[in-house]
K.L.:
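There's a structure below that I have some questions on.
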Amino acid sequence: MARYASSPCFLHELQPGYRGHNAPSDPVAWSDIARWRKGERKRLIDDRRSVPPDERRALSDRIAEKLDKVIGSLEGRLISLYWPIRGEPDLRSWMTARIRCGAQIALPVVIRKGWPLEFRAWRPGEPLERAAWNILVPSNGPAVQPSVVIAPLVGFDAASYRLGYGGGFFDRTLAAMRRKPLVIGVGYARSRLTSIYPQPHDIPMDVIITEE
Ligand SMILES: Nc1nc2c(c(=O)[nH]1)N(C=O)[C@@H](CNc1ccc(C(=O)N[C@@H](CCC(=O)O)C(=O)O)cc1)CN2
Ligand SMILES: Nc1ncnc2c1ncn2[C@@H]1O[C@H](COP(=O)(O)OP(=O)(O)OP(=O)(O)O)[C@@H](O)[C@H]1O
């Protein structure tokens, strides 16, 4: 009879910071991790949606204050933000105020599953339209290369890795950018995980901002 050193599900044996083997990837480990991530995404999204809107508003304002400190001068900066969905921090009033300070804003657009995102320049008042997953995106706006990318977090870990919605869009986009932007993950402290069990394709955030 075959004897195994590990039980079929050995996720509990993985160390935080595990980055896979030298081989491209270990399919058994990745399928376990992918399944675990799916469950965590649902739990974390339900959890943040359970926060009353007033409290979410207060947390978003706290995050916005901290963003100013991390980004510093806004003059001439091109910042990619996002149109909030599923209880993400709402930074739209911060965005409007920062445009008045000289910042330019872009929003991410899904062109196609499995492709990098496009960043499209946008100013308040310009038309938006519903696209994939019902997310509002600029109808026109030229494609631009932001120097700051703000990525919403479904979850995050102590090594600044981000758990998103599972499309791999931000990872693919950051991997493809010729000039590496400052990458800021924003989310709530309650979305902290011990580890997301980072894989070779996962790119860590430069900074993570929560309300704490
Ligand atoms: N507000 C906002 N806009 C954003 C992002 C974001 O995280 N937040 N994105 C950041 O990337 C892109 C959209 N990414 C998304 C990726 C997957 C799903 C999604 O719902 N996927 C499937 C499951 C995927 C899987 O597990 O294979 C689903 O839930 O049914 C939604 C948005 C671009 N715009
Ligand atoms: N640079 C890349 N090249 C090819 N595939 C990639 C790349 N980055 C991520 N992927 C693939 O995308 C899929 C989803 O990855 P992951 O679970 O990390 O998504 P996520 O970061 O939570 O999603 P999102 O960024 O859309 O919010 C994985 O199957 C992964 O292999």
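Numbers here are sequence positions counted from 1. We count ligands from 1, going down the list as the structure has it; atoms in each ligand are counted the same way.
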K.L.:
Given R162, R41, R172, identify the one with the heavy atom nearest to atom 1 (N) of ligand 2.
P.N.:
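Looking at heavy atoms only, the winner is R172.
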K.L.:
Would you mind listing which atoms of ligand 2 come within a distance below 4.0 Å of any non-hydrogen atom of F170?
P.N.:
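Reading through ligand 2 atom by atom, the close ones are 25 (O).
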K.L.:
Atoms of ligand 1 less than 4.0 Å from W83 heavy atoms?
P.N.:
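The atoms of ligand 1 under 4.0 Å from a heavy atom of W83 are 1 (N), 2 (C).
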K.L.:
May I ask you to list the atoms of ligand 2 that are less than 4.0 angstrom from any heavy atom of D171?
P.N.:
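Within the 4.0 Å cut-off of D171, ligand 2 contributes 8 (N), 9 (C), 18 (O), 21 (O).
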K.L.:
Can P152 be said to touch ligand 1, with heavy atoms closer than 4.0 Å?
P.N.:
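Yes, that is the case, since the closest heavy atom of the residue is under 4.0 Å from the ligand.
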K.L.:
Of all the atoms in ligand 1, which lie at a distance below 4.0 Å from a heavy atom belonging to G166?
P.N.:
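Those atoms are 25 (C), 27 (O).
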K.L.:
Answer yes or no: is there an ion pair linking R192 with E212, defined by an N-O contact shorter than 4.0 Å?
P.N.:
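Here R192 pairs with E212 in a salt bridge, since their nearest N and O are under 4.0 Å apart.
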K.L.:
At less than 4.0 angstrom from any non-hydrogen atom of R37, what atoms of ligand 2 do you find?
P.N.:
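It comes down to these atoms of ligand 2: 16 (P), 17 (O), 18 (O).
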K.L.:
When you measure from atom 34 (N) of ligand 1 to every protein heavy atom, which one gives the shortest distance, and what is it?
P.N.:
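Looking only at protein heavy atoms, the one closest to atom 34 (N) of ligand 1 is I135 CD1, 3.7 Å.
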K.L.:
Check the side chains of W122 and N140 for a donor-acceptor pair under 3.5 angstrom, ignoring hydrogens and angles.
P.N.:
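No - no donor-acceptor pair under 3.5 Å links their side chains.
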K.L.:
Would R56 pass as a cation-pi partner of Y188, given that its NZ or CZ must be under 6.0 Å from the six-membered ring centre and within 45 degrees of the axis?
P.N.:
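R56 over Y188 ring: no.
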K.L.:
If we set the cut-off at 4.0 Å for heavy atoms, which region of L117 has an atom near ligand 1: side chain, backbone, both, or neither?
P.N.:
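Side chain only.
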K.L.:
Does an N or O from W30, backbone or side chain, lie closer than 3.5 Å to an N or O of ligand 2?
P.N.:
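No; every N/O pair is 3.5 Å or more apart.
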K.L.:
May I ask you to say whether R37 pairs ionically with E40, meaning some side-chain N is under 4.0 Å from a carboxylate O?
P.N.:
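Not counted as a salt bridge, because no side-chain N and carboxylate O are separated by less than 4.0 Å.
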K.L.:
Begin with the C-alpha distance, continue with both residues' side-chain angles, and end with the deciding distance and a verdict on side-chain contact (heavy atoms from CB on, under 4.5 Å) for F170 and R162.
P.N.:
CA-CA 9 Å; F170 272 110; R162 165 181 182 272; 3.4 Å; yes
K.L.:
What atoms in ligand 1 come closer than 4.0 Å to a heavy atom of E88?
P.N.:
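It comes down to these atoms of ligand 1: 1 (N), 2 (C), 6 (C), 7 (O), 8 (N).
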K.L.:
Considering only the protein, which heavy-atom contact is closest to atom 9 (N) of ligand 1, and what is its distance?
P.N.:
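Its nearest protein heavy-atom neighbour is F170 CE1, 4.0 Å.
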K.L.:
Show the atoms of ligand 2 that are less than 4.0 angstrom away from any heavy atom in Y165.
P.N.:
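Near Y165, meaning under 4.0 Å from one of its heavy atoms, ligand 2 has 22 (O), 23 (O), 24 (P), 27 (O).
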K.L.:
Give yes or no for whether the N/O distance cutoff of 3.5 Å, strictly under, is met between R86 and ligand 1.
P.N.:
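Between R86 and ligand 1, an N or O pair is found under 3.5 Å apart.
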K.L.:
Does ligand 1 come near enough to W133 that some N or O of the ligand is less than 3.5 Å from an N or O of the residue?
P.N.:
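Yes; the residue has a nitrogen or oxygen that sits under 3.5 Å from a nitrogen or oxygen of the ligand.
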K.L.:
Run the numbers for me: atoms of ligand 2, each under 4.0 Å from some heavy atom of G164, listed by number.
P.N.:
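The list of qualifying atoms is 20 (P), 21 (O), 22 (O), 23 (O), 27 (O).
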K.L.:
Please work out whether the ring planes of W133 and F169 are parallel, tilted or perpendicular, with thresholds of 30° and 60°.
P.N.:
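Ring orientation, 0 to 90° scale: perpendicular.
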K.L.:
Mind checking whether W36 and W30 have ring centres under 6.0 Å apart?
P.N.:
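Centroid distance W36-W30: not below 6.0 Å, so no.
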K.L.:
At a non-hydrogen distance cut-off of under 4.0 Å, which region of R162 contacts ligand 1 (side chain, backbone, both, or neither)?
P.N.:
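For R162, the contact with ligand 1 is made by the side chain alone.
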K.L.:
Polar-atom distance check: L163 versus ligand 2, any N or O pair below 3.5 Å?
P.N.:
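The answer is no, given that L163 and ligand 2 share no N or O pair closer than 3.5 Å.
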K.L.:
So, are R57 and E55 salt-bridged, with charged N and O less than 4.0 Å apart?
P.N.:
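No.
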K.L.:
Identify the closest protein heavy atom to atom 14 (N) of ligand 1: which residue and atom is it, and at what distance?
P.N.:
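Result for atom 14 (N) of ligand 1: F169 CD1, 3.6 Å.
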K.L.:
Can you tell which part of D202 has a heavy atom less than 4.0 Å from ligand 2: side chain, backbone, both or neither?
P.N.:
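Under 4.0 Å from ligand 2, D202 contributes side-chain atoms alone.
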K.L.:
Applying a 4.0 Å heavy-atom criterion (strictly less than), which segment of Y165 is in contact with ligand 1: side chain, backbone, both, or neither?
P.N.:
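Both of them.
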K.L.:
What I want to find out is whether R35 reaches D32 closely enough, with some N-O distance under 4.0 Å, to be called a salt bridge.
P.N.:
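Answer for the salt bridge query: yes.
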K.L.:
Quick one, L193 with F156, criterion side-chain contact (heavy atoms from CB on, under 4.5 Å). Give me CA distance, side-chain angles, the key distance, then yes/no.
P.N.:
CA-CA 6 Å; L193 299 164; F156 65 97; over 6 Å; no
K.L.:
If you measure from the Lys or Arg side-chain nitrogens to the Asp or Glu carboxylate oxygens, is any gap between R43 and D47 under 4.0 Å?
P.N.:
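The answer is no: the pair does not qualify as a salt bridge.
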K.L.:
Should the pair E65-R62 be classified as a salt bridge under the 4.0 Å nitrogen-to-oxygen rule?
P.N.:
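Yes, E65 and R62 are salt-bridged.
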